[in-house]
Amino acid sequence: MEIDEHYFDDMEQADVGEGDVPKYRYQSFSTMSRSAPIDISGAFAMQGGEYAPYANMGVVYGGTLSSGSQTYDLTQLNYQIRSGAPQHLFVTYSPNSGRLATAGYTGAGEVLRVPLASGYNIAFPSGYFLDGSYYSNNTYKNSWWTPALINEFSGNVANWYKNSLCLGFRYATSVLYVSVKGYDETFSSIGAGPLDEFDFDVYPNITQITYSIYSGNKSNRSDNVTKTRLGCFCNPWRDTIKAQDVRFNNDSLQYEEIDRTDLYGTGYNMVHQGAHLFYSDSRVKSTSYGTAANPVTKRKETYGWFGCLRGLYSKLVKNETTDGVLYAAHLTKEECCKVVSTFGLYWTGTQSVAATATTGSGATDDLLRLPVAKNGVYYGDYVTGVKIREQPNADWGIDPDEPFEWWDDNGVTDNPDINDYTEDMPLNTPTITPFGVFNRAYAMSINGLNNLADFLWNRSDTVFESLVQALKLYGDDPMQALIDCRMYPFDVFSKSGGGVSQHITIGRYQTDIIGLHMGNVSNAIIDLGLCQWRLYHKEAYGGKCFLDYAPYSTGILYVPYVGEFTLNADVYAGHEVSAKLVVDFMTGSCQCVIYSDGCLAETRAGQIGVNVPFSSVNAAQWASGVMSGIGQSLHGLIGAATSVSPMGNGSKGVNLSKGGVPSLKIDVGQLAGGLSDMASGVYHSVYTPLPVEQKGLPSSAASQWLPQRCYLIIYTPKVIAPNSYGSSVGYACEKTSRLGDLSGFTRCVNPDVTGFGGTQIEKQLLETWLQNGVDL
Amino acid sequence: MNVDLFINYSDNKQVGKTLTFLKTVSAMLTENCTMEYPNLILHSDGSVLQANYCYISDWGRYYFINRHVLNKGERDTIECTVDVLQTYEGIIRNFVCTVTRQQNEKPNQIVDGLLPLSPQKDRKIIDFNRTPFNLNGAGADSLNFVLNVAGGGGGSPDPEM
């Protein structure tokens, strides 16, 4: 599965309905243009648990990524982003080019699934949304703080981040260190890692950390770009580094002014690695120096941290061509923790904890935090210390030997269901048929046929001789020119869709008898109507009842010119039963189509056209076919009574023997056992249908004397339970209940008598009572 | 020990029986016996013989009196069996069990092999709401016939007449 810029071209916008697994919308960055601002509206949040159980931003497993001399082990990623939180962009990475290949975003309420074969996703999850502001062009503007995580996922990430890693990384440690000291890591994408030059033109909406924060404006790569004020930073740990003030809604905020002397680095083709969360009073430092042409990366302390992408990229792309800005907001410490927790990763604000803390079922450190998901989405809640052990995501990790086992957790499959499911099986309307090809068919009446016969037999000898001459093609038997004539129980002309009034032409001989020439498409579909198979016992007892279904209830459907046949109650009971007849004018046969709630359930063949013989040979052939054919079997309610189940052994009364282990004292159980399956025994004896072979084809002529409409005959059982039945036998049910909530006769199965403090004998007595039935 | 004598008119399988108190008498065990099936001797009189149920407070248990064995000296030996349903009524009502048959249920989706059914079924005949055929009213001019003849093709033959 290759991921390229076209991979997601056919994705559709999701319709997120309740209980639905929606599709997603994805737009390749390759199709984006900075001149055409992208309207990012709405919100979404990444769904953790179900689709990306190991991390909110996705997990990288296996696969191979090569860039230069580096080979990184990456695996597939599949996650979903669903509605509920601010919208984000995400970026996927192409292993072939080593570039960030595609990116996309989701609209409001959309779910995004990005399957990834061999590469990695950089995803920007969010479960938290803050208002903020930014400073640009000497004015403060409202903005959104959309927390984002940009991570480079690879097998060697440990070399870069040490403790700053995400769950699910192979070879990676598992705790994200949220730095209070700001970003000390500058990673140059040139020659030092899997990313090649980061092309702003291609990826205009990626915020980068350089000495200026760009919105993807290529022109800002120059060293002459003036310094950029960042938005405020929030430092929940209250670093003491000096910061300057910015304003946000007239509140004094803290921010760090970043200039080129103490920023991350001078390289402009840089992308911050790891998640970046800026804190107030934090100094954003970098030890990277170099020139625009030759950026040099020096790493000193590697931390993953959270960054921020702007919302309304379109505006910034359009307007902010010189000043890169980072939206920020004033966060309290707890808000910062929530923001970090939306990523679903183990995290801590203490470096040593990140390095040494035990995760999973052995977690103890109160400084270690594990986000808690709600319905698979991380909204910022988290737990610490031993409470981590209770969480379902506490032990998520990747087994290098089973790198794809996480698919079982998040619904990803490599054998997707490719079926198209439907609720309808519509009939077809062919545009051509063999009818009327190399012959002619005429819709006729009795009078018309009699006139034709009169023409053929009773006209003058001259006419007769002319006719015989015209039919020489048929050899010694000119009657072969008359192929067949059939009578149908309906007006064939109106049912067949019309025809042309013309002289009947037999062979080359045109008679002066008028017939309606029927066209090529001649099959007539006759609607036989419908009825409702009601659930009679459901209506009687106020709920669905087994007696309404097979084998207790049965139905016989009679269809004129087809016959009668059994309908399976399991298919039709409770549904609308309808039928249509498809007539074949070529053969006089018909096909009955039976529907259950409008969905085709079965078909049956019949014979609707009655042959009108022309000659003795013709008549004999036809009659022979009727008498010797083997027809379809009929099933009816005919059965020989087999043995009925015995009524039981009778009650043995109470046997209150003393001593030892008591035998069964109350024999209602035995009585019940003897009565067991009485219903089925009766039914199996009386209502087991026996097939009946019918010899001979159904005569459609005789069928004309049978009922001319469909009938559904339903046989449904009668309950003859006496009034005392409930109190002596009880009605079947399968439910778990507190006995004190019930009244009347009650039987239990394998009663759990936990809490019963009687003797063993008493316990056995009690269990026997409960299983045989007690009166509550 | 003291024994409370009752008349029990409830069914033996009743949890929480309706008991009519008769009297409290003094009784002794006749011999070594089990607590679940004690035999007790008590002084016999008319009211004692009416009892079919008793309660032994020392043991905190209720008992069915299976039978009275009358002995010389107006002594009555009652042979008893413990009634767990009465003795542990409160505990029993708190049990959560899987109930398979219940008096107040109705026939439902659970197939009930014990439900008595008549061999004769109810029959309902339903006709469909459409009669598409015209045989009842067709006449000599009704186009109910299809005549197939040799010929065909697109052209028309030269008229022979």
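Chain letters run A, B, ... following the sequence lines, proteins first, then strands; residues in each count from 1.
The heavy-atom pair separating B:Arg130 from A:Asp527 by the smallest distance is CD-O, 2.6 Å. The two residues A:Ala732 and B:Ile110 have their closest heavy-atom pair at CB-CG2, 3.9 Å.
The shortest side-chain heavy-atom distance between A:Asn772 and B:Lys13 does not fall under the 4.5 Å cut-off. Using a 4.5 Å heavy-atom cutoff, the side chains of B:Leu85 and A:Val774 are in contact. Under the 4.5 Å side-chain criterion, counting only non-hydrogen atoms from C-beta, B:Val146 is not in contact with A:Cys485. Residues A:Met487 and B:Leu135 are in side-chain contact: their nearest non-hydrogen atoms beyond the backbone lie under 4.5 Å apart. With contacts defined as side-chain heavy-atom distances shorter than 4.5 Å, the pair A:Leu516/B:Leu143 qualifies. Side-chain contact between B:Asn108 and A:Tyr731: absent, with no pair of heavy atoms (C-beta onward) separated by less than 4.5 Å.
Heavy-atom pairs under 4.5 Å with chain B peak, among A:Val719, A:Ile714, A:Ile713, at A:Ile714. Contact count versus chain B (heavy atoms, under 4.5 Å) is highest, among A:Gly730, A:Cys733, A:Gly543, for A:Cys733. Highest contact tally toward chain B, considering only A:Gln502, A:Lys763, A:Glu762, is held by A:Glu762 [criterion: heavy-atom pairs under 4.5 Å]. Heavy-atom pairs under 4.5 Å with chain A were tallied for B:Ala140, B:Pro38, B:Gly139; the largest tally goes to B:Ala140. Ranked by non-hydrogen atom pairs under 4.5 Å with chain B, the options A:His537, A:His503, A:Glu734, A:Lys538 are led by A:Glu734.
For the atom pair B:Thr34 OG1 and A:Ile761 CD1, the distance stands at 5.5 Å (nearest 0.5 Å).
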(request) I would like to know whether B:Asn148 and A:Arg440 meet side-chain contact (heavy atoms from CB on, under 4.5 Å); could you show each step before the answer? (result) CA-CA 6 Å; B:Asn148 265 314; A:Arg440 298 190 188 93; over 6 Å; no
(message) Under the criterion side-chain contact (heavy atoms from CB on, under 4.5 Å), I'd like the reasoning laid out for B:Lys124 against A:Arg534: C-alpha separation, chi angles, the key distance, then a yes or no.
(response) CA-CA 10 Å; B:Lys124 302 183 194 308; A:Arg534 301 177 67 87; over 6 Å; no
(request) Verify side-chain contact (heavy atoms from CB on, under 4.5 Å) between B:Asp122 and A:Tyr536, making sure each step is shown before the conclusion. (result) CA-CA 10 Å; B:Asp122 281 336; A:Tyr536 296 99; over 6 Å; no
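Contacts between residues 91-100 of chain B and chain A, defined by a heavy-atom separation under 4.5 Å, are made by B:Ile91, B:Ile92, B:Arg93, B:Asn94, B:Phe95, B:Val96, B:Cys97, B:Thr98, B:Val99, B:Thr100. Within residues 14-22 of chain B, the residues having any heavy atom less than 4.5 Å from a heavy atom of chain A are, in residue-number order, B:Gln14, B:Val15.
The aromatic rings of B:Tyr88 and A:Phe756 lie perpendicular to each other, with more than 60° between the two planes, well past the 30° mark.
Residue A:Asn450: no heavy atom, backbone or side chain, is found under 4.5 Å from chain B. Contact annotation for A:Gln532: only backbone heavy atoms (N, CA, C, O) come within less than 4.5 Å of a heavy atom of chain B. For A:Ile526, the part lying near chain B is the side chain, with the backbone staying farther off; criterion is any non-hydrogen pair under 4.5 Å. For A:Leu449, the part sitting under 4.5 Å from any heavy atom of chain B is the side chain, from C-beta outward, and nothing else. Residue contact with chain B, scored on non-hydrogen atoms closer than 4.5 Å, is absent for A:Ala540. Contacts of A:Tyr725 with chain B are made by side-chain atoms alone, with heavy-atom separations under 4.5 Å and no backbone atom involved. When heavy atoms are compared at a cutoff of 4.5 Å, A:Pro560 approaches chain B solely by way of its side chain, counted from C-beta outward.
Residues in residues 98-149 of chain B take part in these ring-ring contact (aromatic ring centres under 6.0 Å, His included) pairs, two or more places apart or across chains: A:Tyr561-B:Phe133.
The closest donor-acceptor contact from the side chain of B:Gln103 to the backbone of A:Gly744 lies at 3.5 Å or more, if one exists at all. Within the 3.5 Å criterion, the main-chain N or O of B:Asn144 finds no donor-acceptor partner in the side chain of A:Asp491.
The side chain to side chain donor-acceptor pair (under 3.5 Å) check on A:Ser743 picks up B:Asn104, with sequence neighbours excluded.
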